[in-house]
Protein chains: 2
Amino acid sequence: MATITLKDLASKLNLSTATVSRALRDSYDIGAETKKRVKELAKELNFSPNPNASNLRSQSTKTIAIVIPEIANNFFALAINGIEEIAREKGYHVLIYLSHELHTKEVSILQHLLNGRVDGVLMSMASETENIDHINELIKNKIPLVFFDRVREDIDAAKIVTDDRFGGFSATKHLLERGCKKIAYLSLSSRLKNSIDRFNGYKDALIESALEFDSDNFIDCGNDNKHNFSLIYKLLTRKNNKVDGIFSASENLVLLTYQICKELNIKVPQQLKVITFSNSPTSSFLSPSLSTITQPAYDIGKEAASLLFKSIEKKKVDYSDVVKVLKSNLLIRNSSS
Amino acid sequence: MATITLKDLASKLNLSTATVSRALRDSYDIGAETKKRVKELAKELNFSPNPNASNLRSQSTKTIAIVIPEIANNFFALAINGIEEIAREKGYHVLIYLSHELHTKEVSILQHLLNGRVDGVLMSMASETENIDHINELIKNKIPLVFFDRVREDIDAAKIVTDDRFGGFSATKHLLERGCKKIAYLSLSSRLKNSIDRFNGYKDALIESALEFDSDNFIDCGNDNKHNFSLIYKLLTRKNNKVDGIFSASENLVLLTYQICKELNIKVPQQLKVITFSNSPTSSFLSPSLSTITQPAYDIGKEAASLLFKSIEKKKVDYSDVVKVLKSNLLIRNSSS
DNA sequence: CTGTTAGCGCATTCAC
DNA sequence: GTGAATGCGCTAACAG
């Protein structure tokens with residue numbers, strides 16, 4: 001480190017550190033000439049205040065944290081994109097933490113965020129998480145917090161989500177319109193609000209078409225892919241009550257489905273039509289047999305970040321269950337188009 | 001913030017802050033009984049030292065930065081996964097910055113990293129970057145730096161890359177074996193070492209098959225997708241010298257290619273065989289017409305992070321052009337399999 | 001074994 | 001307009 005400090009600047013300019021500090025922050029009561037001299041030298045020496053010292057003094061860190069279940073998932077990647085963009089505009093830095101869908105990791109991550117390392121937290125819950133003490137602890141500590149996508153209703157914090165009920169409804173409708181009569185729903189987690197909402201939309205669509213919901217067609221997937229595999233395998237090999245359509249709440253589950261179809265020699269979409277929530281550009285482009293429904297991930301990231309900064313800047317933490325729903329942007333890509 | 005400090009603990013325990021601090025850090029010369037008391041109260045009050053104060057004092061931040069061109073790209077997402085895992089093990093925090101392939105952003109990001117905000121930097125260059133002063137500035141400031149994937153040869157820093165020459169060779173060979181005679185190479189950037197290496201591998205494979213390299217078949221793509229589109233469009237519509245195979249250095253370019261093929265009614269893989277570097281699990285699973293070659297992104301992330309921490313911990317920054325090449329793991333997925 | 005003292009680098013009183 | 005002094009919260013010398 002060059003380790004050039006305010007003091008260095010001050011001595012070189014025959015000024016006090018106080019004056020230099022104020023000049024750099026454009027304080028009102030500093031001579032224009034002095035300001036100029038200070039700023040010039042600062043630029044020349046490539047000076048920039050030590051963030052730890054500055055943060056310590058000002059009790060603010062100019063950094064936020066993103067806590068997400070995974071990253072090799074286009075939805076979260078795109079959301080990060082949006083978040084980073086807003087953070088950058090506001091001069092904030094972004095820490096990233098992955099829970100890998102594990103409750104224990106999530107707890108330990110939030111634990112680390114209690115001590116003033118960040119000014120705010122953006123979070124999407126792990127599918128495994130049931131107990132939410134760790135989240136309430138964060139809230140109790142008055143750390144601004146905004147949830148996005150993966151939320152639960154019983155958490156008292158701001159939330160940005162898509163209209164998942166509508167998404168589930170549309171996706172199911174899509175299959176119905178293409179002739180499906182027996183549609184299975186691959187759930188992401190029976191705990192997460194968005195998975196439940198998608199399910200409710202799915203049921204609504206069935207009812208609207210005067211079809212009955214068959215609880216055998218609700219496949220309660222989770223975090224364990226081996227288990228998911230066997231659940232889907234069972235679904236596709238059962239003798240009675242065969243399905244002709246699958247609506248998957250997650251792209252990951254579709255990969256398993258396709259793998260199994262290949263094994264069982266089930267033709268998609270001739271014998272089985274599939275639609276999935278997905279944010280990967282590749283799947284929609286490259287796979288002619290798959291229909292997708294896409295969330296406005298980038299916008300969700302931006303909205304969530306904006307809301308967080310609003311909450312940080314007001315210094316008044318507004319946790320009054322601000323649920324913002326992005327509805328307009330759900331995009332269905334037809335497999336045949 | 002609960003804003004509970006060492007001082008609070010000390011007064012509650014009738015001890016000095018120094019003792020409390022040492023007790024918490026398991027210093028040798030503190031009574032077992034005292035340690036216990038301190039730790040118990042600390043846990044009860046959920047105390048954890050203010051990182052800014054602690055960092056300021058110790059002149060180390062326990063955080064690193066990742067600087068990458070984009071994130072909605074499975075390669076980088078997976079690499080982050082690996083990096084985060086190692087960082088977590090070592091008790092480090094991870095800041096993320098996106099250059100969006102833009103030189104100016106990259107410069108401004110590195111600028112912000114000069115002032116001791118991080119203990120080290122992991123970086124993958126923007127395709128647009130030509131001038132590397134900003135990188136050298138970082139090196140001059142003795143900030144540990146490790147490059148991964150997107151590197152340039154003339155930078156004096158540690159590098160973790162895959163054997164891209166071998167990758168290009170293998171990919172091309174794959175097309176040749178399937179009967180292609182005229183293969184185009186879609187370059188990622190004529191500046192990046194890995195794109196160039198892939199190109200060299202491509203040429204080697206042609207030569208090995210006693211085919212000539214035709215410079216018309218080198219498509220010099222860049223950061224501008226509209227321009228890329230028109231380049232590929234021109235390639236696929238030319239009357240003479242029609243190609244029957246495409247080797248793409250980036251998945252992004254394949255999306256364009258498929259789009260154009262659809263428009264022009266070119267059948268893949270019957271009329272045109274395509275192979276691409278790709279790290280998205282979806283494309284290999286869902287797209288029967290596409291062959292892919294996959295880098296060990298997760299391992300690259302882990303390797304790069306490990307190397308960085310080695311460099312940070314030694315406090316001796318070893319920039320002696322440590323190039324580590326991960327060769328073994330390049331995985332080709334055949335389109336027909 | 002524990003307390004006192006000092007200072008990391010910066011920003012903000014309060015003087016002048 | 002500018003400088004001197006103070007303290008953010010923590011840790012590390014140095015005492016005892």
Side-chain angles (χ1 to χ4, degrees), chain A residues 1-39 41-42 45-63 91 112-119 141, chain B residues 1-39 41-42 45-63 91 112-119 141:
Chain A
M1 279 281 302
T3 323
I4 167 153
T5 70
L6 268 191
K7 220 156 119 190
D8 299 336
L9 283 188
S11 76
K12 282 194 204 217
L13 291 163
N14 278 324
L15 290 170
S16 74
T17 61
T19 308
V20 175
S21 172
R22 275 176 295 205
L24 289 174
R25 338 191 92 247
D26 255 334
S27 174
Y28 291 106
D29 45 23
I30 293 289
E33 182 56 32
T34 314
K35 267 191 199 170
K36 215 181 111 194
R37 279 177 60 215
V38 171
K39 287 189 174 175
L41 187 64
L45 298 183
N46 232 312
F47 169 80
S48 125
N50 179 303
N52 286 129
S54 161
N55 292 342
L56 176 58
R57 189 60 236 266
S58 63
Q59 300 287 46
S60 92
T61 63
K62 284 281 179 186
T63 105
H112 281 298
L113 296 177
L114 285 172
N115 57 11
R117 180 176 295 277
V118 296
D119 293 347
N141 278 264
Chain B
M1 278 286 300
T3 323
I4 167 154
T5 70
L6 267 190
K7 221 156 121 189
D8 300 335
L9 283 189
S11 76
K12 283 194 202 215
L13 292 162
N14 278 324
L15 289 170
S16 75
T17 62
T19 307
V20 176
S21 172
R22 275 175 296 200
L24 289 173
R25 338 192 91 246
D26 255 334
S27 175
Y28 291 106
D29 42 25
I30 295 288
E33 182 55 33
T34 313
K35 268 191 198 170
K36 215 181 112 194
R37 280 177 59 216
V38 172
K39 287 189 174 174
L41 186 65
L45 299 182
N46 231 314
F47 169 80
S48 123
N50 179 303
N52 285 316
S54 165
N55 292 342
L56 177 58
R57 189 62 237 261
S58 64
Q59 299 287 49
S60 91
T61 63
K62 284 281 180 188
T63 105
H112 280 298
L113 265 24
L114 285 172
N115 58 11
R117 181 176 295 278
V118 296
D119 292 348
N141 278 264

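We name chains A, B, ... by the order of the sequence lines, and we start the count at 1 in each one.
Of the residues near DNA chain C, B/Ala53 and B/Thr19, the one whose nearest nucleotide (by heavy atom distance) lies more toward the 5' end is B/Thr19. Between A/Ser48 and B/Tyr28, the residue anchored closer to the 5' end of DNA chain C is B/Tyr28, taking for each the nucleotide with the nearest heavy atom.
Summarising the geometry, the separation between CG on A/Asn50 and P on C/dG7 is reported as 18 Å, rounded to the nearest angstrom. Taking atom NZ of B/Lys35 as the reference point, atom P of C/dT2 lies 10 Å away to the nearest angstrom. Look at CG on A/Leu9: it is 14 Å from P on D/dG3, rounded to the nearest Å. What separates CZ of A/Arg57 from P of D/dC10 is a distance of 16 Å, to the nearest Å. At whole-Å resolution of the value, CZ in B/Arg25 and C1' in D/dC10 are 9 Å apart. What separates CG of B/Leu56 from P of D/dA12 is a distance of 12 Å, to the nearest Å. Separating the CG atom of A/Asn55 from the P atom of C/dT12 is a distance of 13 Å, rounded to the nearest angstrom. Protein atom CG of B/Asn14 is 20 Å distant from nucleotide atom P of C/dC1, rounded to whole Å.
Within the structure, a side-chain polar atom (N or O) of A/Ser16 is placed less than 4.0 Å from OP1 or OP2 of D/dG3. A close approach under 4.0 Å does not occur between any side-chain nitrogen or oxygen of A/Thr17 and OP1 or OP2 of C/dA11. A close approach under 4.0 Å does occur between a side-chain nitrogen or oxygen of A/Gln59 and OP1 or OP2 of D/dG9. For the OP1/OP2 pair of D/dA12 and a distance below 4.0 Å, the side-chain nitrogens and oxygens of B/Ser58 include no atom meeting the criterion.
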Verdict with reasoning, A/Lys12 to A/Leu45, per side-chain contact (heavy atoms from CB on, under 4.5 Å): CA-CA 11 Å; A/Lys12 282 194 204 217; A/Leu45 298 183; 4.3 Å; yes
Pair B/Asp119, B/Thr61 - check side chain to side chain donor-acceptor pair (under 3.5 Å), show working. CA-CA 6 Å; B/Asp119 292 348; B/Thr61 63; 2.8 Å; yes
I'd like to know whether B/Asp26 forms a salt bridge (Lys or Arg N to Asp or Glu O under 4.0 Å) with B/Lys35, so could you lay out the CA-CA distance, the side-chain angles of the two residues, the decisive distance to 0.1 Å, and finally the verdict. CA-CA 8 Å; B/Asp26 255 334; B/Lys35 268 191 198 170; 3.4 Å; yes
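Among the atoms of the strands shown, base atoms are found under 4.0 Å from some heavy atom of B/Leu6.
Counting only heavy atoms from C-beta on, B/Thr5 has its side chain closest to D/dC10 among C/dT4, D/dC10, C/dC10. The side chain of A/Ile30 lies closest to D/dT2, out of C/dT4, D/dT2, D/dA4.
For A/Ala10 against A/Ser16, the heavy-atom pair with the smallest separation is CB-C, 3.7 Å. Scanning all heavy atoms of the two residues, the minimum distance from A/Asn52 to B/Gly116 falls at OD1-O, 4.2 Å.
For C/dG3, the base has a donor-acceptor partner in the side chain of B/Arg22 [N/O atoms by modelled type, under 3.5 angstrom].
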